[in-house]
Number of protein chains: 2
Amino acid sequence: MTEAARHEPARGNETRARIQAVALELFAEQGYDKTSLREIAERLDVTKAALYYHFRSKEDIVASLVEDYIGQLDALIAWARMQPGTGGTRREILRRYVSLISDGREVFRMLHQNQAAVSSLGAAKQRGELFRERMTSLVSLLTGPGAALDEQVRAAMVLGGVSVGLMSFADEVKDREKLCSTVLTIACDIAEGPERSG
Amino acid sequence: MTEAARHEPARGNETRARIQAVALELFAEQGYDKTSLREIAERLDVTKAALYYHFRSKEDIVASLVEDYIGQLDALIAWARMQPGTGGTRREILRRYVSLISDGREVFRMLHQNQAAVSSLGAAKQRGELFRERMTSLVSLLTGPGAALDEQVRAAMVLGGVSVGLMSFADEVKDREKLCSTVLTIACDIAEGPERSG
DNA sequence: GTCTATAGACGGATAGAC
DNA sequence: GTCTATCCGTCTATAGAC
């Protein structure tokens with residue numbers, strides 16, 4: 001074959017990517033339910049029907065957006081499960097988690113602005129509750145098995161704090177790298193809080 | 001008048017409250033947009049039209065739900081503005097904030113599951129961005145004016161952590177008071193972190 | 001790959017009887 | 001306060017031409 005694989009024509013994927021970009025922006029901005037396919041199509045100067053060439057349904061568009069992000073989260077969890085439960089591992093988990101959210105901040109924001117809408121998606125249900133489940137896993141990995149309640153609460157608060165810290169200041173900071181390292185430093189500080197004597 | 005005030009008949013307010021309760025549950029469970037007035041009416045064994053006697057619109061229902069919660073948040077901010085910027089004040093802000101979220105956890109959950117949907121409500125826009133604005137105020141009150149970036153980030157992470165901590169474990173803990181005090185203790189610990197030497 | 005046209009369903013909201 | 005009936009708008013999705 002002198003060309004790219006038949007079912008992945010270059011132009012087609014370009015258009016597909018443009019659809020995803022516009023959909024992501026609109027979903028995050030004004031919500032999944034309030035964004036119609038007509039609106040997405042208008043922004044791209046195509047018609048609704050054109051969208052259906054690239055995606056089976058509206059749900060399919062959001063699913064394609066979430067897919068990669070969830071995959072990375074699962075990869076992080078899988079990696080963490082194979083590491084020793086040391087302080088160094090926990091810091092590395094947080095470091096990777098911060099990077100993951102920072103890199104996928106658009107999707108992350110969209111996801112959290114539309115939790116109810118996205119959670120009730122058929123595909124989402126098959127994959128389990130998108131977030132709750134993964135957050136529980138990460139909490140376990142940060143605390144170790146059979147941790148006391150307050151350790152679990154602390155770990156959950158660290159993860160929640162990372163999200164809020166990154167998202168709240170994402171738009172009003174010039175140097176994203178610096179924001180990430182600030183958040184990471186604080187997160188590690190919090191996570192190690194109760195074990196300072198150990 | 002031997003009866004209650006004419007425009008607040010007992011039965012009417014009972015029904016109104018039942019509508020609010022059902023709506024809150026459904027909005028939180030499956031989302032604002034995916035919950036139709038027909039569905040709410042069916043649960044109450046009345047018709048859609050009956051709902052319109054108690055509320056002008058669907059938007060009006062959710063607005064009535066949010067009203068009280070936002071009012072309490074504003075009251076907390078107003079109170080905090082009149083206090084001295086001491087460590088004791090900051091702890092008291094956090095204590096009240098924890099109570100506020102714990103008491104209004106149903107509304108809080110609904111609100112966060114439907115951020116996009118609720119934010120684009122007309123009434124919401126008039127009151128300013130429901131959350132962002134208030135969170136910024138609270139961050140200022142926790143850090144004092146002109147704080148460095150990392151102090152602001154830390155304060156934002158504390159507030160985010162409180163929400164996540166309370167919501168994540170709300171369903172799997174028997175003693176809510178204890179969860180609140182655990183979260184508060186950790187929140188204060190985090191908030192005081194960088195000032196330990198001062 | 002993109003178009004026009006339309007099917008088919010559902011939602012919010014109102015009118016007016018009781 | 002609650003009902004029946006209905007209007008009108010919008011949406012997702014599909015059929016079929018180009």
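In what follows, chains are A, B, ... by sequence order, proteins preceding strands, each numbered from 1. What you are looking at is a predicted structure, and each value in this text was computed from that prediction instead of being measured.
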Pairing residues for [X] by the side-chain contact (heavy atoms from CB on, under 4.5 Å) criterion, not counting sequence neighbours:
X         : result
Arg18(B)  : Leu44(B)
Glu172(A) : Phe169(A), Arg132(B)
Ala155(B) : Val139(B), Leu142(B), Thr143(B)
Thr47(A)  : Ala49(A), Ala50(A)

Any N/O pairs under 3.5 Å between the protein and nucleotides 16-18 of chain C? List them or say none.
none

Per Lys58(A) side chain, nearest of listed nucleotides dT12(D), dT2(D), dA13(C):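 Nucleotide nearest to Lys58(A)'s side chain: dT12(D).
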My understanding is that only residues two or more places apart in sequence, or in another chain, count here; which of them pass side-chain hydrogen bond (donor to acceptor under 3.5 Å, both in side chains) with Arg38(B)?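 Partners of Arg38(B) by the side-chain hydrogen bond (donor to acceptor under 3.5 Å, both in side chains) criterion, ordered by chain and then number, come out as Glu42(B).
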Applying side-chain hydrogen bond (donor to acceptor under 3.5 Å, both in side chains), can you list everything that pairs with Arg96(B), at least two apart in sequence or on another chain?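 Residues passing side-chain hydrogen bond (donor to acceptor under 3.5 Å, both in side chains) with Arg96(B): Glu92(B).
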If the cut-off is 4.0 Å, is [X] near the phosphate of [N], judged by side-chain N/O to OP1 or OP2?
X        : N       : answer
Ser57(B) : dG12(C) : no
Thr47(B) : dA5(D)  : no
Tyr52(B) : dA13(C) : yes

Measuring from Leu76(A):CG to Trp79(A):CH2, what's the distance to the nearest 0.5 Å?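 Going from CG on Leu76(A) over to CH2 on Trp79(A), the span is 7.5 Å.
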[atom1] of [X] versus [atom2] of [N]: gap in Å, rounded?
X         : N       : atom1 : atom2 : value
Arg56(A)  : dG1(C)  : CZ    : P     : 17 Å
Glu59(A)  : dC11(D) : CD    : C1'   : 15 Å
His54(A)  : dT12(D) : NE2   : P     : 17 Å
Leu121(A) : dT12(D) : CG    : C1'   : 14 Å
Arg18(B)  : dT2(D)  : CZ    : P     : 8 Å
Tyr53(A)  : dA13(D) : OH    : C1'   : 18 Å
Asp33(B)  : dG12(C) : CG    : P     : 9 Å
Asp60(A)  : dA13(D) : CG    : C1'   : 13 Å

Is Lys34(A) positioned over the aromatic face of Phe27(A), cation under 6.0 angstrom from the ring centre and no more than 45 degrees off axis?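 Judged by the rule (NZ or CZ under 6.0 Å from the ring centre, within 45° of its axis), Lys34(A) is not positioned above Phe27(A).
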Who passes salt bridge (Lys or Arg N to Asp or Glu O under 4.0 Å) against Asp150(A), sequence neighbours left out?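 Here no residue qualifies.
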Considering only heavy atoms and no angle criterion, is a donor-acceptor pair shorter than 3.5 Å present between the side chain of Lys48(B) and the base of dG12(C)?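 Such a pair exists between side chain and base.
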Which ones in residues 35-43 of chain B lie close to DNA chain C, meaning a heavy atom under 4.0 Å from one of its atoms?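 Residues of residues 35-43 of chain B that come under 4.0 Å of DNA chain C are, in numerical order, Thr35(B), Ser36(B), Leu37(B), Arg38(B).
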